[in-house]
S.K.: 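Encoded as structure tokens, here's the structure I'll be asking about.
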Amino acid sequence: MLVAGIDSSTQSCKVVVRDAETGALVRSGRASHPDGTEVDPAAWWTALQEAVEDAGGLADVEAVAVGAQQHGMVCLDADGQVVRPALLWNDTRSAQAAQDLILELGDGDEEAGRRAWAEQVGVVPVPSFTVTKLRWLADHEPENAARTAAVALPHDWLTWMLAGGPEAGLEALATDRGDASGTGYWNASTGEYVPDVLRRALRRDEGADLPRLPRVLGPSESAGRGAEGGLAPGAQLGAGTGDNAAASLGVDARPGDVVVSIGTSGVVSAPSDTPPVDPSGIVAGFADATGRQLPLVCTLNAARVLTATASILGVDVGRLSELALEAPSGSGGLVLVPYLEGERTPDRPGATGAVHGLTLATSTPAHLARAAVEGLLCGLADGVDALVAQGTRVDRALLVGGGAKSEALRQIAPVVLGRPVLVPPPAEYVADGAARQAAWLALGGDEPPTWGEGARDGESVAYDAPEDPAPGRAVRERYAQVRDLTDR
Ligand SMILES: Nc1ncnc2c1ncn2[C@@H]1O[C@H](COP(=O)(O)OP(=O)(O)O)[C@@H](O)[C@H]1O
Ligand SMILES: O=C(CO)[C@@H](O)[C@H](O)COP(=O)(O)O
């Protein structure tokens, strides 16, 4: 029996077809997404069609599930038509909205507002979260806000499109705990939507209608069947989930593991039984795709820091990695603060990147290459510290995402993170997690199927934590000296 998993992420769409019982890879496909932080969902649908075709079609799969970039705001009108292009997780135009929503919940007191959000919703708004995008819409495009009859996320919308889209009706919209927890109006601790927050975001009066929200399915529940004549005709549709929850399932993260994902975003997340309550907003109280919690820290700048630095140096990312490994640990004091798209963690949506510590000695391509890798990792190491401060056990890091292909990043990660790092064989772990969820739906049972070594397309590579933690500490201390010397 075959199942399929989809990863509709920021930069591309990937499809894997795997054996439901063993997890063995049968075939795969991919297609690119357009650039930009505002994207017409039709582009995701086109890319999914191309990726499915590249993967040899889905006519023979029993079940399919979609993992996708989190938080994107997809507004639908009463006929199921998209109201405006989706605002993505890395679109920072709702920075003021985030600030306003914090202040409003605290009656003008920011600290009280942060505490109220952390306790009542499990997250403190940053511009990534859907709730802040809805407030932006209400303030800047009130006609579009008024036309919005339903709000979905990228994975909800793609799953619904597989089920027939507008013909299936808005009532067919479904989501899962993992992605719902990234909206800012669903609480992962209670498992409930928080309608008052949605009402507040949209500035709708008490008693006025609220847009329809997708039904929140359990981890192995069905979202219906693929429409006849569609991309996956008759296939069972899994609940799907956000890409980070899917990656956690795909890589089979266990307590003690922190998944470090170097994609467009940099993410550290760890499966847990305890929802975090972090008024600083650094650790978001998200849910996972197995029924548990997934405390998570996310930066806006990760793999693209490497491509941007490679472009400055006029080399490719392979050469960037070689250069980085030629420079000394700490890059001779050269630090690259990688806020190239503004930053979410720390919450500095208007910040820009910076280079500190240029001297004649550090003015070399190798020093800059290493500073890029170290800067990117220092931001993530701060995230790991924040997870630990919330009581999360972190024994080792599992490195995934496109940037994990960089040998320099692999070798420097244990130094900066101060922990052993395991790099699973290169694979599409988000799509794999979605496929495992689809297999769970198709096969039944209380737990997702255990996929052994047969599901792995290669060997994991282990990088030990350094015996001497001092160089790693020095890198982080130097980074901390200059991290905040940037505009907001
Ligand atoms: N060998 C490599 N070294 C560094 N970065 C790489 C390498 N291979 C791919 N990447 C980067 O990985 C990113 C894509 O990773 P991916 O996890 O698919 O991102 P996303 O899920 O956000 O679409 C791209 O920015 C690409 O440049
Ligand atoms: O906003 C977050 C997590 O909160 C991002 O992780 C997005 O989910 C996009 O992921 P990638 O495309 O970078 O994988």
Side-chain angles (χ1 to χ4, degrees), residues 70-71 102 105 111-126 128-129 131 175-194 197 216-220 239 241-261 265-299 344-347 380-398 400 417-420 433 437 440 446-448:
Q70 294 184 248
H71 316 302
I102 292 169
L105 220 60
E111 281 316 303
R114 289 178 169 278
R115 218 173 319 112
W117 275 94
E119 285 166 4
Q120 291 173 31
V121 190
V123 297
V124 179
V126 287
S128 292
F129 297 161
V131 69
T175 191
D176 87 305
R177 298 173 63 255
D179 228 5
S181 64
T183 57
Y185 43 82
W186 189 83
N187 183 324
S189 173
T190 62
E192 303 283 346
Y193 280 116
V194 190
V197 161
V216 183
L217 302 175
S220 63
T241 191
D243 55 2
N244 294 298
S248 182
L249 186 58
V251 81
D252 202 17
R254 302 291 170 93
D257 292 336
V258 62
V259 177
V260 177
S261 169
S265 61
V267 171
V268 296
S269 65
S272 162
D273 288 321
T274 322
V277 178
D278 183 6
S280 78
I282 294 174
V283 180
F286 293 166
D288 81 348
T290 70
R292 308 175 70 197
Q293 307 295 325
L294 191 70
L296 179 147
V297 182
C298 178
T299 69
R344 161 167 161 190
T345 311
D347 183 15
L380 295 175
D382 288 345
V384 173
D385 285 354
L387 283 183
V388 171
Q390 283 292 316
T392 309
R393 197 179 107 208
V394 178
D395 300 334
R396 64 171 183 179
L398 305 179
V400 299
L417 298 176
R419 292 180 169 82
Q437 188 196 57
W440 191 3
D446 294 338
E447 297 287 332

S.K.: Taking the inter-plane angle between the rings of Phe286 and His71 on a 0 to 90° scale, is it parallel (under 30°), tilted (30 to 60°) or perpendicular (over 60°)?
M.R.: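 Phe286 vs His71 ring planes: tilted.
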S.K.: Is the closest side-chain heavy-atom distance between Leu249 and Pro448 below 4.5 Å?
M.R.: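 Leu249 vs Pro448: side chains touch.
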S.K.: Nearest 0.5 Å, what's the CG-OG distance between Asp176 and Ser181?
M.R.: 7.5 Å
S.K.: Can you check whether Arg419 reaches Val384 side chain to side chain, under 4.5 Å on heavy atoms?
M.R.: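 Arg419 vs Val384: side chains touch.
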S.K.: Here's a test for you: under side-chain contact (heavy atoms from CB on, under 4.5 Å), which of Val297, Val260, Leu296 qualifies with Val267?
M.R.: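 The passing option is Leu296.
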S.K.: Where do Gly266 and Leu380 come nearest, in terms of heavy atoms and distance?
M.R.: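 Smallest interatomic distance, heavy atoms only, reads C-CD2, 3.7 Å.
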S.K.: Rounded to the nearest 0.5 Å, how far apart are CG of Asp243 and CG of Asp179?
M.R.: 8.0 Å
S.K.: For the OG atom of Ser269 and the CG atom of Leu387, what is their distance to the nearest 0.5 Å?
M.R.: 7.5 Å
S.K.: Could you pull out the closest heavy-atom pair between Gln293 and Thr274, with the gap in Å?
M.R.: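 Distance-wise, the nearest heavy atoms are CG-C, 3.9 Å.
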S.K.: Determine whether Glu119 and Val277 satisfy the following criterion, side chain to side chain contact (heavy atoms under 4.5 Å, CB included), listing intermediate values before the conclusion.
M.R.: CA-CA 6 Å; Glu119 285 166 4; Val277 178; 4.0 Å; yes
S.K.: Any chance you could measure Ser265, atom OG, to Gln70, atom CD, to the nearest 0.5 Å?
M.R.: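 The distance works out to 8.5 Å.
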S.K.: Can you measure from CZ (Arg177) to CG (Asp288) and round to the nearest 0.5 angstrom?
M.R.: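 Taking CZ in Arg177 and CG in Asp288, the distance rounds to 6.0 Å.
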S.K.: Closest approach of Leu294 and Ser248, non-hydrogen atoms and distance?
M.R.: CD1-OG, 3.9 Å
S.K.: Any side-chain heavy atom of Phe129 within less than 4.5 Å of one from Val121?
M.R.: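 Result no, sub-4.5 Å side-chain heavy-atom pair not found.
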S.K.: Closest heavy-atom contact between Ala270 and Thr392?
M.R.: CB-CG2, 3.5 Å
S.K.: What residue among Ile282, Val283, Val123 forms side-chain contact (heavy atoms from CB on, under 4.5 Å) with Pro276?
M.R.: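 The passing option is Val283.
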S.K.: Would you mind reporting whether Thr299 and Arg344 have side-chain heavy atoms less than 4.5 Å apart?
M.R.: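 Side-chain contact under 4.5 Å: no.
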S.K.: Identify the heavy atoms of Trp440 and Asp446 that sit nearest to each other, and give their distance.
M.R.: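 The pair with the smallest heavy-atom distance is CZ2-O, 3.2 Å.
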S.K.: Please name the pair of heavy atoms, one in Gly291 and one in Pro219, separated by the smallest distance, quoted to 0.1 Å.
M.R.: N-CG, 3.6 Å
S.K.: My understanding is that only one of Val394, Leu417, Val388 makes a side-chain contact (heavy atoms from CB on, under 4.5 Å) with Val258; could you say which?
M.R.: Val394
S.K.: Once rounded to the nearest 0.5 Å, what's the spacing between atom OG1 of Thr345 and atom CG of Asp382?
M.R.: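 Atom-to-atom, Thr345:OG1 and Asp382:CG are 10.0 Å apart.
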S.K.: Under 4.0 Å between a Lys/Arg side-chain N and an Asp/Glu carboxylate O for Arg292 and Asp273?
M.R.: yes
S.K.: Give the C-alpha distance, both sets of side-chain angles, the deciding distance and a yes or no for side chain to side chain contact (heavy atoms under 4.5 Å, CB included) between Val400 and Val259.
M.R.: CA-CA 7 Å; Val400 299; Val259 177; 3.8 Å; yes
